[in-house]
2 protein chains.
Amino acid sequence: MAPQHPRVVVIGAGFGGMYAARALDSASVRITVVDRHNHHLFQPMLYQVAGAALNPSDIATPIRRTLRGEAHTEVVLADVASVDAAAKAVRMVDGSSIDYDYCIIATGIETSYYGNDEAWAPLAPGLKTLDDALDIRQRVLLAFEQAERETDVARRHAHLTFVVVGGGPTGVEMAAIIAELRRYTLARDFRHIDPREATVMLLEGGPRILPSYPEELSAKAKEKLRGLGVEVRENMLVSDIKRGCVQAAGWTIPTHTVVWAAGMRGSPLLKTLDTPLDRMGRANVEPDCTIPGHPEVFVIGDAAHFEDPVQGILPGVAPTAMQMGRYVARVIAGDLRGKPRTPFKYFDKGQLAVIGRGQAVAAIWKLKFSGFVAWLIWAFVHIAFLIGFRNRILVMLQWAWSYFNYERGARLITGTEEFPVQAAEREVRG
Amino acid sequence: MAPQHPRVVVIGAGFGGMYAARALDSASVRITVVDRHNHHLFQPMLYQVAGAALNPSDIATPIRRTLRGEAHTEVVLADVASVDAAAKAVRMVDGSSIDYDYCIIATGIETSYYGNDEAWAPLAPGLKTLDDALDIRQRVLLAFEQAERETDVARRHAHLTFVVVGGGPTGVEMAAIIAELRRYTLARDFRHIDPREATVMLLEGGPRILPSYPEELSAKAKEKLRGLGVEVRENMLVSDIKRGCVQAAGWTIPTHTVVWAAGMRGSPLLKTLDTPLDRMGRANVEPDCTIPGHPEVFVIGDAAHFEDPVQGILPGVAPTAMQMGRYVARVIAGDLRGKPRTPFKYFDKGQLAVIGRGQAVAAIWKLKFSGFVAWLIWAFVHIAFLIGFRNRILVMLQWAWSYFNYERGARLITGTEEFPVQAAEREVRG
């Protein structure tokens with residue numbers, strides 16, 4: 001590889017970044033993939049880690065392993081502080097920097113609490129990283145342990161109340177998996193409480209859950225959630241989250257376990273770019289996924305606000321990121337051969353949300369599916385996309401196993417330096 | 001279950017506690033199992049989690065799930081502060097307490113640094129809990145990441161030096177698994193370093209590794225470790241561990257990754273008992289595993305110092321704990337039927353230590369095995385004992401998989417709130 005080949009720096013090894021890097025490796029470029037984690041995360045199944053159904057390593061693969069075969073690609077574990085578009089350099093938090101000829105920003109989105117980050121974030125974790133998922137798993141499992149030891153009826157009930165905020169696909173999936181955990185997996189494991197009595201609430205601020213889906217499927221999803229004993233409440237915009245309770249639309253709901261699946265915003269790195277952002281903090285990109293005035297800086301995936309003339313604003317889902325990643329690789333390879341750029345075309349593969357064991361809703365082109373058929377589509381699509389053969393087999397096995405007996409493989413409470421119940425109590429009561 | 005049945009409190013759900021509880025359930029007693037973790041840990045394979053070969057949940061099962069079928073047993077997740085033998089009560093850190101008729105203390109041992117706990121523990125984690133294992137896994141994987149980014153040759157070499165202190169079975173297993181990780185799993189994953197060049201040292205204070213094994217097997221083990229490129233150094237008593245180096249027998253070894261497998265001491269809970277302890281802080285027990293003057297208080301497993309008239313001091317291994325657990329259950333059931341107690345008899349099943357892929361040493365009765373045969377014995381024995389069918393299948397699959405291609409399934413760096421490299425750097429550089 002000649003050193004004069006242009007350098008492409010890819011920031012973020014999510015779906016967008018990984019697909020861009022892999023597609024670029026055959027071009028005459030040197031590629032550097034920078035990420036703050038050492039693993040690529042299969043985010044659509046992250047809720048299964050939070051629900052104690054899968055292990056972290058079932059849905060995460062080391063970036064180095066995935067890119068091992070790409071001879072022109074190096075991987076750097078580092079935290080990016082800023083992108084200096086004028087100097088064409090990526091600056092790290094540790095002071096080092098990498099110059100680029102092309103930069104692909106694929107840093108995704110992060111959890112946002114409508115301006116209440118400081119107060120709400122410690123009480124209501126979001127679900128974006130593996131650590132988030134392990135945090136939620138720990139809180140949910142500890143809540144049952146605390147209820148088992150609590151003799152006061154009201155306090156016990158608060159421990160057995162789980163509130164999921166936000167009725168998008170993540171919220172629906174989280175509510176369903178907690179509902180199944182309490183109804184099946186934990187049902188017979190306690191002596192003083194009946195986990196099946198636990199309350200699982202899904203609070204949606206708007207008039208219906210899954211607002212981006214056809215109305216018919218929102219209704220189906222609600223029906224399926226009710227079948228699992230989830231209390232679905234629409235028009236319940238959360239006004240406050242405090243230690244021990246959630247407030248929404250006049251209600252005060254005593255609970256110690258809140259999962260936040262309501263707000264998202266673009267990665268803060270985009271603010272260092274001096275380029276127009278949308279209301280959510282995502283970069284407004286041109287038809288070729290670049291930012292205005294910088295044809296060498298691409299923003300792709302969830303971090304991009306892309307307005308398609310026909311399809312409107314593209315949804316922040318994995319297929320968008322993957323397609324953009326491959327598209328940007330083609331654009332760069334084309335540039336080097338002097339080919340003119342053509343605009344990005346999004347191929348809509350539809351939407352899918354899972355509602356527990358063997359139930360899902362799907363809107364694919366003009367077709368709508370619900371129930372077991374939709375679940376089979378979901379399972380097939382997700383297994384097909386899981387990167388790495390080994391993960392595929394193990395995940396399939398674990399699914400098959402838990403499908404037949406509702407056992408959960410990953411019911412471990414770990415990761416606290418001090419004794420977990422006390423830590424949780426200080427958190428909750430303190 | 002009549003409430004007047006005697007209550008047995010079991011403290012600790014390791015091998016001793018779990019075997020006692022399960023064997024007791026058929027007797028006319030009420031059983032309470034107290035543990036500070038929600039899972040039983042298959043400790044003999046903990047080094048595989050530290051070496052990124054297995055997932056935490058592959059070697060840990062929820063205590064509640066394992067004891068679900070035992071109708072007279074309840075499980076309490078709590079941290080025990082003291083055992084009040086005079087009042088026959090177990091006191092928790094949170095102020096609550098449980099009265100008992102019989103108490104079985106099975107709290108095991110913990111890592112000890114010969115009086116240097118405060119200075120050495122943050123620099124050289126031991127290997128007793130899942131969190132320990134994840135900590136070591138993170139340090140080892142981050143060391144390679146830091147070496148990849150380090151341009152100074154000496155500093156890079158320090159990042160690529162791994163020191164395991166203590167040549168007992170745990171130290172031997174840890175050194176071998178790190179050696180394999182660097183030689184096979186990570187070999188082709190970096191661009192600026194060759195992980196195969198990493199130094200793995202095993203420091204033993206005495207004249208030979210595996211001191212409790214026959215000399216012949218110590219020599220075999222050393223030969224096998226050398227085959228993996230491990231530098232085995234005997235008579236190297238560690239005198240100091242500082243940020244960035246280990247000192248032993250006049251040597252100063254620059255390293256950022258130290259694993260401590262050298263010292264152990266009895267659980268501090270035993271000190272609250274007002275009973276004689278041995279040098280290691282284990283309780284000296286009577287032939288029926290009780291403490292002097294308290295026929296209702298048993299100490300079993302690693303926490304017990306049991307001197308057998310023929311076999312000497314019993315080794316702190318899983319079979320000792322399991323046999324004591326079952327024995328104590330029989331004693332209590334016998335008491336209730338007015339049967340006199342007979343002393344505990346230990347059935348020696350031999351010793352086994354693994355040295356990487358397909359290699360082990362074993363001393364069973366008068367027989368000595370080494371190499372692949374010993375490894376097969378090890379694999380068979382350990383799978384047979386893994387509690388829970390599901391774990392058995394998954395662990396076997398993962399072994400089979402990694403046996404054929406050296407991939408490691410659990411190469412994830414997680415669990416740091418802040419960016420891991422920075423955290424590690426602050427840790428290392430001070």
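By convention in this document, chain letters (A, B, ...) are assigned in the order of the sequence lines, proteins followed by strands, and residues within each chain are numbered from 1.
Summarising the geometry, atom CZ belonging to A:Arg68 is positioned 8.0 Å from atom CG belonging to B:Leu186; distances are rounded to the nearest 0.5 Å. Rounded to the nearest 0.5 Å, atoms CG (A:Asp189) and CZ (B:Arg65) are 8.5 Å apart.
For a residue to count as touching a neighbouring chain, one of its non-hydrogen atoms must lie under 4.5 Å from one of that chain's; by this rule A:Val76 touches chain B with the side chain only. With a 4.5 angstrom heavy-atom cutoff, A:Glu74 touches chain B via backbone and side-chain atoms both. For A:Leu67, the part sitting under 4.5 Å from any heavy atom of chain B is the backbone (N, CA, C, O) and nothing else.
For the residue pair B:Ser96 / A:Arg149, a side-chain donor-acceptor distance below 3.5 Å is found, with atom types taken as modelled. Judged purely by distance below 3.5 Å, without hydrogens or angles, the side chains of A:Thr73 and B:Arg191 never pair a donor atom with an acceptor atom.
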*Evaluate the criterion side chain to side chain contact (heavy atoms under 4.5 Å, CB included) for residue pair A:Leu77 and B:Leu142; output intermediate values, then yes/no.*
CA-CA 9 Å; A:Leu77 181 71; B:Leu142 275 176; 3.6 Å; yes
*Would B:Arg188 and A:Arg64 count as a side chain to side chain contact (heavy atoms under 4.5 Å, CB included) if you check the C-alpha gap in whole Å, the side-chain angles of each, and the deciding distance to 0.1 Å?*
CA-CA 9 Å; B:Arg188 293 174 297 131; A:Arg64 292 192 185 285; over 6 Å; no
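Take A:Glu197 and apply the salt bridge (charged side-chain N to carboxylate O under 4.0 Å, His left out) test, not counting sequence neighbours, and it matches no residue. A:Asp194 meets the salt bridge (charged side-chain N to carboxylate O under 4.0 Å, His left out) test with A:Arg196; sequence neighbours excluded.
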